[in-house]
**Student:** 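Would you mind keeping the following structure in view while I ask a few things?
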Amino acid sequence: MPNIELLQPASLDEAVAYLGTHAGETKILSGGTALVIMLKNRLISPLSLLSVGRLKELRSVRHEPGVGLRIGALATIREVEMSALVREKNPTLAQTFGKVGNVRVRNAATVGGNLSEADYASDPPCVLVALRARVKVNSVRGEREIPTTQLFKGFYETALAPDEILTELIVPEPAPGSRSSYLKYISRSSEDRPCVGMAVVIENESDGSCKDLRLVAGAVSEIPQEIESAEAMARGKRLTDSLIEEIARAYAAGIEPLSDLRGSSWYRKQIIHVMARRAIQQVMADN
Ligand SMILES: Cc1cc2nc3c(=O)[nH]c(=O)nc-3n(C[C@H](O)[C@H](O)[C@H](O)COP(=O)(O)OP(=O)(O)OC[C@H]3O[C@@H](n4cnc5c(N)ncnc54)[C@H](O)[C@@H]3O)c2cc1C
């Protein structure tokens, strides 16, 4: 690798100020699990790396009543998976992070790195979209929030400007009576990235009818996929087996999946159909 300057700012203000003047020529370094591979393969050649590892303020995992879980960008995937707080407040989130790669990857990889990398074959993005989570980003212009529904723009592309640092993930309180789940389908080794990921959130009325259904597939396209017309089929109705099957079929019909080493477009479409049905059935059974 060519000589690359390593910067290790001691505060967020320092990091943001550096990025304000060097955005085009530097890359942020968090856990390094994706970045180091990109460097080694010469896919990127920055002049400097801005390591955010010393920014302890970005590490916390806390819960703010009325707001939800606030997870610092530097929290590792493993810390979120193991957090008693996350397990209590949003078990689906902890379970999802527990499905990323293997324990060695989860110990190094960070929440901010996973979301900023925006690899289409990742586990957390579709779940965070279904949970209507948002991220906080900082730059010399101040801070702003981006809903995860608008964060992912394409293959390895996010709505972050080059001089912005992702600093926090905010996962809102689940609506009363809502349930969620994430199913990961793997077509190769047990530690592989998903062939299809399926996140579901269901909010029911007190009479048992469905108030809201959110179904978001990951790893099947450039960005997480949500088909509103299929979700709308559930509203105001009881989710019987036949309706669940109709929704799953309409949902799969609405997606044009990509083909890659993990599965062809045709194969993924069949899996999406099955996974959509199973994910809804599982949440209804838990209910
Ligand atoms: C063997 C292996 C298996 C894997 N399996 C899975 C899997 O099953 N599921 C899954 O979801 N993922 C999987 N991954 C991907 C892994 O989750 C990501 O590599 C990891 O989350 C990236 O986080 P990081 O902290 O290492 O980021 P880094 O490698 O440090 O950075 C990744 C990118 O994000 C940018 N970046 C980092 N932090 C920030 C920030 N705070 N603000 C703005 N930009 C930032 C960097 O500049 C870089 O472009 C796997 C990775 C490996 C190596």
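Just follow the structure's listing: the first ligand is 1, and inside any ligand the first atom is 1. The model shown is predicted, which means the values in this text are computed figures rather than measured ones. Because only heavy atoms are used, hydrogens play no part in the values below, and waters and symmetry mates are left out as well, while side chains stay in.
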**Student:** The test is salt bridge (Lys or Arg N to Asp or Glu O under 4.0 Å); show your working for K184 and D192 and say whether it passes.
**Tutor:** CA-CA 10 Å; K184 174 174 184 171; D192 196 21; over 6 Å; no
**Student:** Regarding D119 and R193, does a basic nitrogen lie under 4.0 Å from an acidic carboxylate oxygen?
**Tutor:** yes
**Student:** Side chain, backbone, both or neither: which part of E168 comes within less than 4.0 Å of ligand 1 when only heavy atoms are counted?
**Tutor:** neither
**Student:** Do the side-chain N and O atoms of S51 and Q8 include a donor-acceptor pair separated by under 3.5 angstrom?
**Tutor:** no
**Student:** If we set the cut-off at 4.0 Å for heavy atoms, which region of V105 has an atom near ligand 1: side chain, backbone, both, or neither?
**Tutor:** side chain
**Student:** Can you name the ring pair (Phe, Tyr, Trp, His ring centres under 6.0 Å) partners of Y185, sequence neighbours left out?
**Tutor:** none
**Student:** Can you check whether A73 has an N/O within less than 3.5 Å of an N/O in ligand 1?
**Tutor:** no
**Student:** H273 and E245: side-chain donor and acceptor closer than 3.5 Å?
**Tutor:** yes
**Student:** Sequence neighbours left out, what pairs pass ring-ring contact (aromatic ring centres under 6.0 Å, His included) with at least one residue falling in residues 26-73?
**Tutor:** none
**Student:** What protein heavy atom sits nearest atom 8 (O) of ligand 1, and how far away is it?
**Tutor:** G101 N, 2.8 Å
**Student:** Flag G32 as yes when one of its N or O atoms lies below 3.5 Å from any N or O atom of ligand 1, and as no otherwise.
**Tutor:** yes
**Student:** Looking only at distances, can you tell me whether any N or O atom of P194, backbone or side chain, sits closer than 3.5 Å to an N or O atom of ligand 1?
**Tutor:** no
**Student:** Give the residue, atom name and distance (to 0.1 Å) of the protein heavy atom nearest atom 38 (N) of ligand 1.
**Tutor:** S30 OG, 2.7 Å
**Student:** Counting non-hydrogen protein atoms only, what is the nearest one to atom 11 (O) of ligand 1? Give residue, atom name and distance.
**Tutor:** D123 N, 2.8 Å
**Student:** Tell me whether the count of non-hydrogen atoms from other residues, nucleotides or ligands lying under 6.0 Å of CD in E145 goes above 12.
**Tutor:** yes
**Student:** Please indicate whether any nitrogen or oxygen in L29 is less than 3.5 Å from any nitrogen or oxygen in ligand 1.
**Tutor:** no
**Student:** Pair L258, F155 - check side-chain contact (heavy atoms from CB on, under 4.5 Å), show working.
**Tutor:** CA-CA 12 Å; L258 51 72; F155 288 112; 3.9 Å; yes
**Student:** Atom NZ of residue position K56 - does it have more than 12 heavy atoms of other residues, nucleotides or ligands inside 6.0 Å?
**Tutor:** no
**Student:** Counting only nitrogen or oxygen atoms and a 3.5 angstrom limit, does N102 reach ligand 1?
**Tutor:** no
**Student:** Of all the heavy atoms in R104, does at least one lie under 4.0 Å from an atom in ligand 1?
**Tutor:** no
**Student:** To which protein heavy atom is atom 35 (C) of ligand 1 closest, and what is the distance rounded to 0.1 Å?
**Tutor:** S116 CB, 3.8 Å
**Student:** In plain terms, say whether E226 and R214 are close enough for a salt bridge, that is, a side-chain N and a carboxylate O under 4.0 Å apart.
**Tutor:** no
**Student:** Taking the basic N atoms (NZ, or NE/NH1/NH2) and the acidic carboxylate oxygens, is any pair closer than 4.0 Å for R62 and E64?
**Tutor:** yes
**Student:** Report yes or no: does L160 have a heavy atom closer than 4.0 Å to ligand 1?
**Tutor:** yes
**Student:** Non-hydrogen atoms of D192 versus ligand 1: any pair closer than 4.0 Å?
**Tutor:** yes
**Student:** Has R188 got more than 12 heavy atoms of other residues, nucleotides or ligands less than 6.0 Å from its CZ?
**Tutor:** yes
**Student:** Which atoms of ligand 1 sit under 4.0 Å from any heavy atom of S122?
**Tutor:** 10 (C), 11 (O)
**Student:** Could you work out, for atom 23 (O) of ligand 1, the closest of A15, G113, G112 by heavy-atom distance?
**Tutor:** G113
**Student:** Please state which protein non-hydrogen atom is closest to atom 46 (C) of ligand 1 and give its distance, to 0.1 Å?
**Tutor:** I28 O, 3.0 Å
**Student:** Any idea which atoms of ligand 1 are less than 4.0 Å away from a heavy-atom of E117?
**Tutor:** 18 (C), 19 (O), 34 (O)
**Student:** Going by the order shown, which atoms of ligand 1 are within less than 4.0 Å of some heavy atom of P124?
**Tutor:** 11 (O)
**Student:** For ligand 1, which atoms sit closer than 4.0 Å to a heavy atom of I165?
**Tutor:** 41 (N), 42 (N)
**Student:** Check R249 with E246, please: is the shortest side-chain N to carboxylate O separation under 4.0 Å?
**Tutor:** no
**Student:** Show which atoms of ligand 1 fall inside a sub-4.0 Å distance from at least one heavy-atom site of K27.
**Tutor:** 47 (O), 49 (O)
**Student:** List ligand 1 atoms under 4.0 Å from T110, heavy atoms only on the residue side.
**Tutor:** 21 (O), 23 (O), 24 (P), 25 (O)
**Student:** Indicate whether any N or O donor in one side chain lies under 3.5 Å from an N or O acceptor in the other, for Y251 and S229.
**Tutor:** no
**Student:** Which heavy atom of the protein is the closest neighbour of atom 17 (O) of ligand 1, given with residue, atom name and distance?
**Tutor:** N114 ND2, 3.1 Å
**Student:** Using the side-chain hydrogen bond (donor to acceptor under 3.5 Å, both in side chains) rule, pick out the option among Q282, Q281, Q95 that qualifies with S181.
**Tutor:** Q282
**Student:** So which heavy atom in the protein is nearest atom 31 (O) of ligand 1, and how far is it from that ligand atom?
**Tutor:** L35 CB, 4.1 Å
**Student:** Starting from atom 53 (C) of ligand 1, find the nearest protein heavy-atom neighbour and note its residue, name and distance.
**Tutor:** T33 O, 3.9 Å
